[in-house]
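Below: the structure, in structure tokens.
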Amino acid sequence: MFAILCIWSVLNGFELLLCGADKFYAKTGRWRIPEKVLLGFGLVGGSLGLAVGMILFHHKVSKPAFRFGVPAMVLAHTALALALAFGHMLG
């Protein structure tokens, strides 16, 4: 369980950094991180980092895939984490 928490933390931190880097790149007219990369890392567990990055950097908030998809991913990941935690405690 500890290993999963460590991996989840690293993944979310990396996603937050990706979001900040992409916003910086957008402001400076440089190469951008593809949306499918941002959403992909969010989907495999970095949704909380992506949500925080969207709020903190005000990044991708007008894009429907991000506006609606990221909260759905956060809810799904939260439900999965709760199910794993309660399942671990019960048996």
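Residue numbers count from 1 along this sequence. Side chains are part of it too, since the values below use all heavy atoms of this structure and drop only hydrogens, waters and symmetry mates.
Cluster annotation: Leu11 is not connected to Leu75 through the hydrophobic network of ILVMFWY side chains, with a link wherever side-chain heavy atoms come within less than 4.5 Å. Using a 4.5 Å cut-off between side-chain heavy atoms of Ile, Leu, Val, Met, Phe, Trp and Tyr, with links allowed through other members, Ile33 and Leu50 fall into the same hydrophobic cluster. Ile7 and Leu17 fall into different hydrophobic clusters, where Ile, Leu, Val, Met, Phe, Trp and Tyr side chains are chained together by heavy-atom contacts under 4.5 Å. When hydrophobic clusters are built by joining Ile, Leu, Val, Met, Phe, Trp and Tyr residues whose side-chain heavy atoms come closer than 4.5 Å, directly or via intermediates, Val37 is grouped together with Val70. Under the 4.5 Å side-chain heavy-atom criterion for ILVMFWY residues, a single connected hydrophobic cluster contains both Leu18 and Trp31.
If you run side chain to side chain contact (heavy atoms under 4.5 Å, CB included) between Met73 and each of Thr78, Val44, Leu39, only Leu39 comes through.
Rounding to the nearest 0.5 Å places CG of Leu38 at 12.5 Å from CG of Leu43. Atom CD1 of Ile4 and atom CG of Leu84 lie 6.5 Å apart (nearest 0.5 Å).
The two residues Cys19 and Gly53 come nearest to each other via the heavy atoms SG-C, 3.6 Å. For the residue pair His77 and Ser47, the shortest heavy atom distance occurs at ND1-OG, 2.7 Å.
Screening residues 10-30 for ring pair (Phe, Tyr, Trp, His ring centres under 6.0 Å), with sequence neighbours left out, gives Phe14-Phe41. For residues 25-34, the set of pairs meeting the salt bridge (charged side-chain N to carboxylate O under 4.0 Å, His left out) definition, not counting sequence neighbours, comprises Asp22-Arg32. Applying the salt bridge (charged side-chain N to carboxylate O under 4.0 Å, His left out) test to residues at least two apart or on different chains, the pairs with a partner in residues 33-49 are Glu35-Lys60, Glu35-Lys63. Sorted by first and then second residue, the ring pair (Phe, Tyr, Trp, His ring centres under 6.0 Å) pairs involving residues 52-74 (not counting sequence neighbours) form an empty list. Within the structure, side chain to side chain donor-acceptor pair (under 3.5 Å) pairs that include any residue of residues 6-17 do not occur (at least two apart or interchain).
When the salt bridge (charged side-chain N to carboxylate O under 4.0 Å, His left out) test is applied to Arg67, no partner is found at least two apart in sequence or on another chain.
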